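Computed from a predicted structure; not experimentally measured. In this chain, numbering begins with 1 at the start of the sequence shown.
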Amino acid sequence: MKLIEVKDHEEMSRKACDILVERVTELSHPVLGLATGSTPKKVYDCLRKKPISFRDVTTFNLDEYVDIAPNDPNSYRFYMDHIFFNHVDIQTSSTNVPSGYGLDLQKECQDYEKKIRGAGGIDVQLLGIGVNGHIGFNEPGTPFNSRTHVVELSESTRKANARFFERMEDVPKQAITMGIETILESKEIILLASGLKKAKAIERLLYGDISEDFPASALRNHPNVKIIADHEALSMVYPALTGINTPTSSFK
């Protein structure tokens, strides 16, 4: 597990963008695992400006809300289309987001796993981290051997996402998410963390026990994880950070 310390959200986004550009450039048919929300938004803004082609790229998003239509502005399909996909030359048929707007959600989960395997697996997976340690929508208590599944969202996760909805009662209570084992099968994982609200989670990820009570701790079992975290997110790890970059560190 490699820790890359950066000054702020802007630098975090540029670092992640640069790594993704390298992979897209060096691989003949890159398969990217993508995340949504406010943390990776500037990564996609950066990628849109790069003079590279995404025509041979296949993407798989981590998750999607249940019972929200793909064209709903709060859906993750809508987010990806408007933030990224519609602005680059990627083929729409190569962009995959789980559908939570169907009658047979279990079949959707199984089909999503088959699509990932059919693409040869994910080369590099982009992740955020929740204040409770969730990755994707894998909440505390999710088994480490979980595959793509339907999950009940915790109150802390729903409250964190409430800012995107008009009312708290409109925030979905369920989602489809890649499972932890699915995520761990990615060849490379990049986890992004920015802001003081992520500081406790990052400290626990780096130094806490590996436990299903803290889903992100499963990443400690992966051989190729890069954590890109800004000074605020690292404030409980390095309390003396004052805005000057310090050397990259490695953790096991």
Side-chain angles (χ1 to χ4, degrees), residues 1-6 9 11-37 39-64 76 79-80 83-85 87-91 94-98 112-113 115-130 134-138 147-148 177-194 202 205 215-230 248 250-251:
M1 184 174 281
K2 185 177 183 180
L3 175 62
I4 301 172
E5 302 171 19
V6 295
H9 189 101
E11 188 180 0
M12 177 199 73
S13 302
R14 290 195 302 270
K15 288 279 188 183
C17 178
D18 288 345
I19 295 171
L20 291 173
V21 167
E22 283 184 22
R23 302 299 175 265
V24 169
T25 303
E26 68 191 9
L27 299 172
S28 57
H29 294 284
V31 180
L32 306 181
L34 301 179
T36 52
T39 300
K41 182 180 182 297
K42 289 187 177 180
V43 178
Y44 300 131
D45 291 342
C46 178
L47 287 172
R48 287 164 50 177
K49 299 172 184 175
K50 296 294 183 179
I52 60 172
S53 174
F54 291 87
R55 188 154 188 83
D56 294 323
V57 173
T58 298
T59 66
F60 289 92
N61 265 75
L62 279 167
D63 41 35
E64 178 60 285
Y76 288 160
Y79 172 103
M80 291 304 304
I83 294 296
F84 184 45
F85 296 149
H87 303 277
V88 296
D89 63 345
I90 195 167
Q91 301 180 75
S94 297
T95 65
N96 298 279
V97 180
Y112 207 64
E113 288 283 331
K115 288 179 182 178
I116 294 172
R117 290 196 298 271
I122 293 170
D123 292 306
V124 54
Q125 175 68 59
L126 192 65
L127 291 178
I129 183 171
H134 75 243
I135 50 176
F137 272 135
N138 293 290
R147 312 297 302 191
T148 300
T177 185
M178 284 188 201
I180 294 175
E181 188 168 84
T182 311
I183 292 169
L184 292 179
E185 287 177 352
S186 305
K187 300 175 183 70
E188 180 179 9
I189 295 172
I190 300 170
L191 184 138
L192 306 178
S194 175
I202 290 299
L205 170 60
S217 66
L219 300 176
R220 303 255 294 277
N221 294 324
H222 192 282
N224 189 12
V225 175
K226 296 177 178 68
I227 301 171
I228 307 177
D230 68 14
T248 296
S250 295
F251 292 79

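Shown here for T182 and R147, the closest heavy-atom pair between the two residues is OG1-CA, 3.4 Å. D56 approaches P30 most closely through the heavy-atom pair O-CD, 3.5 Å. Nearest heavy-atom pair, G37 versus Y79, reported as atom, atom and distance to 0.1 Å: O-OH, 2.7 Å. Of all heavy-atom pairs between A16 and L192, the closest is CB-CD2, 3.7 Å. Of all heavy-atom pairs spanning A35 and L127, the tightest one is CB-CA, 4.4 Å.
You'll find the side chain of P215 reaches within 4.5 Å of the side chain of I180, heavy atoms only. Looking at L62 and I183, their side chains come closer than 4.5 Å, going by heavy atoms from C-beta outward. Side-chain contact between V24 and L32: present, with at least one pair of heavy atoms (C-beta onward) separated by less than 4.5 Å. Inter-residue side-chain proximity for M178 and Y112 is flagged as met; some heavy-atom pair is nearer than 4.5 Å. Side-chain atoms of L34 and F85, non-hydrogen and from C-beta on, do get closer than 4.5 Å to each other.
Residues satisfying the side-chain contact (heavy atoms from CB on, under 4.5 Å) criterion with A229, sequence neighbours excluded, are L3, A193, I227, A233, L234. For E188, the side chain to side chain donor-acceptor pair (under 3.5 Å) criterion is met by R23, K226, not counting sequence neighbours. The side-chain contact (heavy atoms from CB on, under 4.5 Å) check on S186 picks up I122, Q125, I189, with sequence neighbours excluded. The side chain to side chain donor-acceptor pair (under 3.5 Å) check on T95 picks up R77, with sequence neighbours excluded. Partners of S13 under the side-chain contact (heavy atoms from CB on, under 4.5 Å) rule, at least two apart in sequence or in another chain, are H9, K42, V43. Looking at residues two or more places apart in sequence or on another chain, you find a salt bridge (charged side-chain N to carboxylate O under 4.0 Å, His left out) between D123 and K187. For D45, the side chain to side chain donor-acceptor pair (under 3.5 Å) criterion is met by K41, not counting sequence neighbours. R117 pairs by the side chain to side chain donor-acceptor pair (under 3.5 Å) definition with nothing, not counting sequence neighbours. Here E22 pairs with nothing under the salt bridge (charged side-chain N to carboxylate O under 4.0 Å, His left out) rule; sequence neighbours left out.
Interatomic distance, N61 CG to N96 CG, rounded to the nearest 0.5 Å: 9.0 Å. To the nearest 0.5 Å, atoms CD1 (I228) and CG (D18) are separated by 9.0 Å. The OH atom of Y44 lies 5.0 Å from the CG atom of L126; values are rounded to the nearest 0.5 Å. Note that OG1 of T148 and CD1 of I116 are 5.0 Å apart. Values are rounded to the nearest 0.5 Å. Rounded to the nearest 0.5 Å, atoms CG (L184) and CG (N221) are 7.0 Å apart.
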Report task. Given side-chain contact (heavy atoms from CB on, under 4.5 Å), test D63 with T36 step by step and report yes or no. Result -> CA-CA 8 Å; D63 41 35; T36 52; 4.0 Å; yes

Report task. Could you walk me through whether V88 and V57 pass side-chain contact (heavy atoms from CB on, under 4.5 Å), step by step? Result -> CA-CA 11 Å; V88 296; V57 173; over 6 Å; no

Query - Test log, rule side-chain contact (heavy atoms from CB on, under 4.5 Å), inputs H134 and T177 - result: CA-CA 11 Å; H134 75 243; T177 185; over 6 Å; no

Report task. Report the C-alpha separation of V225 and I190 in whole Å, then their side-chain angles, then the decisive distance to 0.1 Å, and conclude whether the side-chain contact (heavy atoms from CB on, under 4.5 Å) test is met. Result -> CA-CA 6 Å; V225 175; I190 300 170; over 6 Å; no

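Checking side-chain atoms of E185 against main-chain N and O of G121 turns up no donor-acceptor pair under 3.5 Å.
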Counting only pairs under 3.5 Å, give me each side-chain donor-acceptor contact of residues 47-55, with atom names and distances, residues two or more places apart or in other chains.
{"residue": "R48", "atom": "NH1", "partner": "I83", "partner atom": "O", "Å": "3.0"}
{"residue": "S53", "atom": "OG", "partner": "R55", "partner atom": "N", "Å": "3.1"}
{"residue": "S53", "atom": "OG", "partner": "D89", "partner atom": "OD2", "Å": "2.6"}

